[in-house]
Structures are given as structure tokens and as C-alpha cells.
Number of protein chains: 2
Amino acid sequence: MLQAARRATATARTRTFARSLATEHNPPARFDSRRVFPDEPTHPRVQTDAVPGPRSKELSASIADFQDPRAHILVADYAKSNGNYLVDADGNQHLDVFAQIASIAIGYNHPDLLELAKTDQFAVAAMNRPAIGSFPGSDWAETIKAGLLSVAPKGTPHLFTQMDGSGANEGALKAAFMAYRARERKEAGIEDFTKDEMASCMNNASPGSPELVALSFKSGFHGRLFGSLSLTRSKAIHKLDIPAFDWPAVPWPSTKYPLDEYASENAEAEARTIALVEETIISHAKKGKKVAALIVEPVQAEGGDNHASPNFFKALRTVTREHGVYMIVDEVQTGVGATGSFWAHEKWQLDHPPDFVTFSKKMQAAGFYHAPETRPSLPYRNYNTWMGDPIRALQARELISFIKAHGLVQHTAAIGSELYDALSGLAKRYSGTMHNLRGKDCGTFIAWDAADAQQRDAFVAAMRKEGVVMGACGERAVRLRPMLIFGDRQMEVLLEKMEGVLKTLA
Amino acid sequence: MLQAARRATATARTRTFARSLATEHNPPARFDSRRVFPDEPTHPRVQTDAVPGPRSKELSASIADFQDPRAHILVADYAKSNGNYLVDADGNQHLDVFAQIASIAIGYNHPDLLELAKTDQFAVAAMNRPAIGSFPGSDWAETIKAGLLSVAPKGTPHLFTQMDGSGANEGALKAAFMAYRARERKEAGIEDFTKDEMASCMNNASPGSPELVALSFKSGFHGRLFGSLSLTRSKAIHKLDIPAFDWPAVPWPSTKYPLDEYASENAEAEARTIALVEETIISHAKKGKKVAALIVEPVQAEGGDNHASPNFFKALRTVTREHGVYMIVDEVQTGVGATGSFWAHEKWQLDHPPDFVTFSKKMQAAGFYHAPETRPSLPYRNYNTWMGDPIRALQARELISFIKAHGLVQHTAAIGSELYDALSGLAKRYSGTMHNLRGKDCGTFIAWDAADAQQRDAFVAAMRKEGVVMGACGERAVRLRPMLIFGDRQMEVLLEKMEGVLKTLA
């Protein structure tokens, strides 16, 4: 098959390139995706009258026989997709700066990943999925140490692997609740669970199922399962009709952009939020509902790409430590380089690292890093059948290795900076349609607001017709979530297409 | 590599065998695993003084650097494992009748699955994981229709794919809550969500986050995340220190085994439970906490392999329908053939099928089947980034195809029946250590009680030293969870080893 042959050539080429890089100590700050994806399209090409085209629609209709198709944007031909470009079932080529809701790190059909997929190790791992907590494979430690553990955030060298972002956040939250109660017992000189706790938890009642709560931020998003959905405050449609835990939330600081231009006003808004966080912790403790954990995204993504300053997060860390509240940093969307550092929270330069850092999406593997002292007191307390998936750990190892070898985090910081500047220019020229540009010094994790939801949706739809897949978030925001291999060529295309569409909307 | 060559030969052999079978209309009722796994060991071989052996221990210690190793049973060498036999890092060969907590359906390193893993389709699916709800792949409908949908239980032809069993149960539960509220609105002639609902759900408060509850059974197990853990009532250690929803549970009927010998007593016990279910539904409605859903395992697995009669489940279906309570059948552990029918609930011959059937484990893919009328009113209500994993859907398609071609469900029913009879004989001879044998006419889904937890643990440990990996459940039960390829040869070994160990414990 031509495609397979092409891939093999591309793979050989990358390997050589990677090897030559590995001998250098300073990988180039800018990455050109064509060196790895020689057949990557240079431009979008939409050949149907509409997107989705007729073939996409036909396949959607077939899916509708068994599954809800109403959120379909297009049906993709993943075999033909390449690098930054998503090809759809009608053969249209889209520059993809949404990347499966921020989940593709190093491009479609990356040769190194396809090569990994064809190895015996991968096949064996895929087809003999273990119960990792009880029968781990003999390569588990090696895979994790060379991969996920090699990028463990400072202060959180332990790892619990899960299946997805919601599971990662809930796993961390469970560990936080267990650690909180363990600390309370220790402080009270109690050695073990009481009989009352053992019995009451079987009835979902206190004290065994404690009245502890978790604190999150309004407009935050942490997942869709029952615990994570109780933390999530993005949109009513995510939460309606689902019973929820009576857990508190405080508003995100009402920051203005660019952050540095409004530094003093923002500092005041952030201080008010920190005060509210502290008030909530204290008032809930008085009600017998102690806040055991606080969860926060470095940038609120689904909720509208809401930023805050490093000082805000430093203050959060201080207030959580003062009140013995475990801090969970949800890096499901911000992690793995897109913000210009491997973990977005690195930029805060905290004196005391968070207790938990959760990840998923671009890492393909999911789970949480944690401080050693938050390991539960007994085995089987945080446990489940699969506890993650070895093939996703192998994939993470491979993509981390590529990111490091090619300096993709530095590359993303550099390209993001230029992109931000160019978008600033566009925002000035099209001030009626681009407001509140944000994400300066935040890699390619950039967003802006349209005038309203209708205009935003019109913009995204028009871009899609031009062959650029973009994402929306919050009430009226457009968010950029390109891959880490997004470079000069793609930036040029994106800006050109945006300008064309903005002209028609102005 | 020798192993790869062996595999290729085995694959070719199976393919021919499968093709020859496909032309017959009546696959043989008994399956001999050596026809597919020519190199499968014939007997366990333990060559270390203890299990885990020194190499397993060394690798466990390496994992302990970052992850809790206290639930490790052994470290496995999956590349060397074959058919019914799990090989550990020390080269010990174990007959595995636990199968990764009931998750391996058709054997370690099944040639068809390894062949699938090496296809371009699999590699592309693995390395370009889509957001299935918005950008499904062009082969998604075909994969699902040929696989997961081809075994959809009667009455539940729609499918929501998720990542694991906990997620499957929580997804079904979310859909049940949404459907319940939708029906209430319809009955009240209300068209849309109220402003109050939209606003209150953002604060996790009623009416938007309703006071609805879900009913489960004591000693049931439905998962480990916050919603599913509130349904779970297996062991305190699973639940302690984790906040829970105030959801009710009723005791499982106190059935005696063999079920048919105690038919009238059991019928009374079951009737008492049904009455309790109805009382709970009524009393909770009076408190403003309507029961929207009931979840039940066909056999309570983790909780101790507790059975009930088809009449019990028929009555459950009647009472749930009478009170408008959605019925979720949790087939995460019972599904995919092990009970001698593809779905355990088929045997109940319900007049009205359940509203939801959840699956995971042996299917490798996870999710829930549901009645068409339980699809949520709007897109993005039951939705998440990945919504399952295409490679697990491909794997499910392949293993379903093998199960069908080789009549493995009928095989398991037949071998299970013989195994049950043989175990009855053992239970008579070793009546001090084998009590309450259960699982007659339930395939290989068989269990019994030891005198107490200590004796049970001693038995399982002694069997492990003999090279048989077995599982425990409940307070003092041993459960058999062999694969669907467990046949005469393996039964012979199992019984021989059991007898040897039982002698020493008697």
C-alpha cells in the first residue's frame, strides 16, 4: 500500500532526524512539521459545498441508528489525516486547530506512533490488558519511568493511572478525601477506622461517608461523572437533571485582558476571590462541612479560557496550606506543553507544589501525580480493575520522547508568542468581532471573545467552510488548541483564513 | 523472532479453522483451546519457592517507587502468556481462572487479536484517538454494527460507549435521571427547562440538580467513582472516607444454594426483597426523593457471587415498571458469555426488557445499551471528550466474531455444567472447606464459600503455589472466572489441583 510505504519512508526519515537531534544538546526552538510529515498538506482544501459534506452526512446518519449524532461536526478519515491536517470522509482537508478537543499532541498519523503501534510490545499490551493493580506487566515500571514519570511535576513524584480526565480528577479527589481523614485521625490519635465508620459508610452515611466537601470555581470544568460533574460549573446543559453533591464554588476572578495592562485591577479582583475562598473554607467548617480539597484549572478552558496571574495561584496555594486543604491542579487540558511549559502550573513558581496534578487528553494516558504522603493507608482503597491502560502509557512514553527530542514545548512557546502578536493586530483591525484576546506568554493556548454567541458560532462555521477546524468555549469565546507541531506554515494559513472570514463578518 | 513466527503459524491455523467453521451452521459445543493455541501449556509449572518469585518481587519493588504495590499478586510476562495460561516474570506458568478480574474473554495472546493489532486500521485507530461524539471516524458505524451492536440485548438497540465499567454505570445512570425528569416534564406539560432549573443546577441545588435517587442492593458492586461508589455496597474498604450520595439500598435476598433445592424458601426470601424494593420506592417518594433508577447485577460478583432466581428479576422488572423506575442491568462482570448465555439477563426471559444494560471487562470496550426513548433531549448532555475508544470497539468486534464462530457461549454452558457437577462431588468430599456451591446452569460463573475468610485466603494462596490463579470475593467466597476458552483439559487440571489443596486443608 502506497500509504504504508510513504509512512515507512517518513518513519525512517524521522528516526534519522531524531537521532541527529539527540546528539545536540539544544534542539532548535522552531519545528517544521514537514520534516516529520513530508506529505502534510500545505493548505486547507474544501471541495464540497458544505462541511459536513454528503459522505460525512451519510455516515452520520448510519451512526444515528445507534448513537446520538447531533454533536457531529464531521466524520473523519483518520487514515488520510496527516500532521496538522484532518481529512474528512469527503476528502476535504482541514487545518485542525482544535485537535480532538485539545487531545492530539504531535499530529495525525505521527510516524513514530504508527511505528510503535506495529511493535510486538504494543500488540501484546493491547490484547492482554491487565488488572494493573494486581497483575502488572513486567515492562510497566520501565514504561512509566521512561515516560509519564519523566515529566512528573515537582513535588508529585507518585502516579495513579486512570482511564480519562473525569476519572483522573475523581481519583485525585478520592485520594484527597482519604488523606484528609487520615490526617484528622492522626491528629486525634486515632489508629484505625471505628466500627461506626465501617458500618455507616455501607449506608452512605456519616461518619464513614463523611460530610467533607470539595471546592471548585464557577465556570470551571472538571469532568462529567457524578463527582467531577459536581465540581464542574461550566454550563447548565452539562449539569441539568443530574443529582449533585452540595459542594461549594466561588467565582473566578473577573480578570481583564491583556493581564499585564490591567495588572492592578486584576490583582484586586484576584484578592477578592482569594478572600472568598478563605471565607468559604471557614464558613463551611463552621457548618460541619469541611473543605478537604480545592480543584483548579491553570486556565479555565471549557468555561471560556479564563486566565489569572501566577500571584493568584500562589495565594491559592498559601490559603489552602493554611487551612489544610489539599490542592488539585487539573491539567487535563493545559498539560503537555500547549501553554509553553510542559505543565501550565510550572509558571507559577510555587514555593510549595500542589498535592495533586491530574492529566489526560494530549497525554493520551490519564491519571494523577501526587505527593507521596497522599498514598492511601491500605491497598484496594484507590483501586479498580484496569487502573489505566498500558498501551496509552506506551503511547505517552513515545510522544513525550518526541516532544523532548524536538523541543516542542519551547517551539510552542515561541510560535505562540508570535501568534499572539499577530492576533493582537487582527483584534485591532477587527475590533467588532475580536475582544479580550488572551493567552499572552501562554504558548498557543490563546482565545478571544466574539461580540456574542451568535457571532462566535458564525465565525467558527465560516472558518470550517474555509477548511479550518476551530473550537468554541464559554459563552462567546473562540479557543485555539493546535497541536505542538503547529508551526510557521500553519500559522500563516490560520491568520490568512481568519482575516478573510473576519472581513466578511465585520 | 521465534515467538512471532509461532504466532503467525497459529494465526494461519486458526483462520483456516475459523473459515471451516463458518461454513457449518452448528459449531461444535465443545472447544479445544489447543487448536487455536498450539503452544498453550498443558499444566501449571511453578519453579520458584514462592509466588510471587524473586523477579516478580524485584519488579514490584520498582513499581513501588511511584505506585502502590500492595495489591500485587504477581508481575506478569504477558508476551509469554498463552491461552488459559498466565506466565509470570519468573517464568512460572499459571492456569488462570481469574483472568484479570474476569476481563480476558478468549485467551492470552489470541492469534486473531494479535493479527488485528498489527493491522493498519488498528494502528490508525490507536494513534488518532478521536472525540467520537463530534469527529467520529469513517469506520465507526461499520465497526459498531459488526461488533457491539450485533450482540445488543433485546429492547436496548442504542449504544453509548465509555471507557470502563464505572463510567458505563454512571453514564447509564445519568441517562436514567435525564429520562426520568424528561418524563416528569412531559407529564406536567412543561416543554423546556425552567430558568430556576438552569440557575440552580449551577449551584448543585434543586430543582436543576434534582433530589432524585438511585436504588441498589446491599453487597452489590457497581464501580469506584463517586456516583457508582454510592451504588456500591460491597465492602467498607471500598467506601470509607469518600463522601457519598444519600441513596438507598435493600438487602439482597438471603438465598440458599443450590437454588432449586431451596426453591420455596428462596421464593419467600425473594418476595420479601421485592416488597422492600417497593416500600423503598414509595417511602422515598413521600420524602421527596423519588427513585429514578434501580441498578442490579444478574449475579452479585464482587459482593460474594450471590444469585437469585429468574422470577426475582421478573418481579423486579414488574415493580420498577409499575413505579416508573428505570432498570439498569449491570452486566460488567456477567456479560459476554461466562454465564452460559451471552448476557446473563437473557435467561430471565423478561416480558419487558431492561432500560439499560451496561458492559465492560471481557468486552474490553465499555458502555451501555439503552432503549431508544432514553436518548437525552439535547446533544452534549451525555457527552465527553473521548466517549470510548475505537480500538476497544475493534477488539470487541474481533472477539465477538470469534465467540460466535466457535460457539463459545454454548461451549461455556456445557463445560460449566460438567464443572459444576464435578465441584459438587468435591464439595461433598471436602464439606469442611467447600460450602454453598453456586452457579448451577450459569456457565463457569461458579463460586463457593470457605468456612471463613482465613480459610478462603489459605486456599487461594495454596492454589497459587500450585500454579492456579483464582479470585476471591465477598466475605469468604472463592469465585471461578475462567475465560470462554476454558475447556476439558483445563477443567481436569483445575479439579486435580483443587483436590490436592483441599486434602491439605481438610
Side-chain angles (χ1 to χ4, degrees), chain A residues 59 62-63 66 70-71 73 75-79 89 100-101 108 113-114 117 123-124 126-128 130-131 133-138 141 149 158-159 163-164 170 174 177-178 181 193 198 201-202 204 208-209 212 224-227 230 233 236-237 239-244 246 379-380 384-385, chain B residues 59 62-63 66 70-71 73 75-79 89 100-101 108 113-114 117 123-124 126-128 130-131 133-138 141 149 158-159 163-164 170 174 177-178 181 193 198 201-202 204 208-209 212 224-227 230 233 236-237 239-244 246 379-380 384-385:
Chain A
L59 289 165
S62 181
I63 293 171
F66 60 90
R70 291 170 296 175
I73 289 169
V75 176
D77 186 338
Y78 288 105
Q100 307 302 322
I101 320 183
Y108 290 114
L113 294 181
L114 290 178
V124 165
M127 296 308 171
N128 300 284
S134 291
F135 304 91
S138 47
L149 215 63
H158 283 213
L159 175 65
M163 295 301 290
D164 54 22
E170 297 208 3
K174 283 179 67 174
F177 284 127
M178 290 189 268
R181 289 289 297 125
F193 307 115
M198 302 278 282
C201 78
M202 298 303 280
N204 291 346
S209 306
L212 299 174
R224 296 276 212 152
L225 301 168
F226 281 81
S230 292
R233 313 279 177 150
I237 201 68
K239 292 174 70 73
L240 275 160
D241 295 348
I242 315 297
D246 180 21
Y380 295 107
N384 60 66
T385 298
Chain B
L59 288 165
S62 182
I63 293 171
F66 59 89
R70 290 170 295 174
I73 289 169
V75 176
D77 186 337
Y78 288 105
Q100 308 301 322
I101 318 181
Y108 290 114
L113 294 182
L114 291 177
V124 165
M127 296 309 172
N128 300 284
S134 291
F135 304 91
S138 46
L149 215 63
H158 282 212
L159 174 65
M163 295 302 289
D164 54 22
E170 297 209 3
K174 281 178 68 173
F177 284 127
M178 290 190 267
R181 288 290 297 124
F193 307 117
M198 302 277 283
C201 77
M202 298 303 280
N204 290 347
S209 305
L212 299 175
R224 296 277 210 152
L225 300 169
F226 281 81
S230 292
R233 314 279 178 151
I237 201 71
K239 292 173 71 72
L240 275 161
D241 296 347
I242 316 297
D246 179 21
Y380 295 109
N384 60 66
T385 297

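Within every chain, numbering begins at 1; the chains are lettered A, B, ... in the order of the sequence lines, protein sequences first and strands thereafter.
Top candidate by heavy-atom pairs under 4.5 Å with chain A, chosen from B:Asp77, B:Ile237, B:Leu212, is B:Ile237. The choice from A:Ala117, A:Ala76, A:Gly227, A:Ser209 that makes the most heavy-atom pairs within less than 4.5 Å of chain B is A:Ala76. Your options are A:Ala131, A:Pro136, A:Ala236, and the one with the most heavy-atom pairs under 4.5 Å with chain B is A:Pro136. Counting heavy-atom pairs closer than 4.5 Å to chain B, the top residue among A:Met163, A:Arg181, A:Lys239, A:Met127 is A:Met127. Among A:Ala244, A:Ser134, A:Gly208, A:Ala123, the residue with the largest count of heavy-atom pairs under 4.5 Å with chain B is A:Ser134. Of the listed residues (B:Asn384, B:Val75, B:Asp246), the greatest number of heavy-atom pairs within a distance under 4.5 Å of chain A belongs to B:Val75.
Contacts of A:Phe193 with chain B are made by side-chain atoms alone, with heavy-atom separations under 4.5 Å and no backbone atom involved. When heavy atoms are compared at a cutoff of 4.5 Å, B:Leu149 approaches chain A solely by way of its side chain, counted from C-beta outward.
Taking SG from A:Cys201 and CG from B:Leu240, the interatomic distance works out to 4.0 Å, rounded to the nearest 0.5 Å. To the nearest 0.5 Å, the span separating CG on A:Asp241 from NZ on B:Lys174 amounts to 11.0 Å. Taken from CD in B:Glu170 to CG in A:Leu225, the straight-line distance is 5.0 Å, to the nearest 0.5 Å. To the nearest 0.5 Å, the span separating CG on A:Asn128 from CG on B:Leu114 amounts to 7.0 Å. Atom CG of residue A:Leu59 and atom OG of residue B:Ser138 lie 6.5 Å apart, to the nearest 0.5 angstrom. The distance from atom CE of B:Met202 to atom CZ of A:Arg233, rounded to the nearest 0.5 Å, is 8.0 Å.
Here the side chain of A:Asn204 pairs a donor or acceptor atom with the backbone of B:Ser230 at under 3.5 angstrom. Here the side chain of A:Gln100 pairs no donor or acceptor atom with the backbone of B:Pro130 at under 3.5 angstrom.
B:Ala71 and A:Pro379 get closest at one heavy-atom pair: N-CB, 4.0 Å. The shortest non-hydrogen separation linking B:Ala141 to A:Ile63 is CB-CG1, 3.8 Å. A:Pro243 and B:Phe177 make their closest contact through CD-CD1, 3.4 Å (heavy atoms, listed as atom of the first residue, atom of the second, distance).
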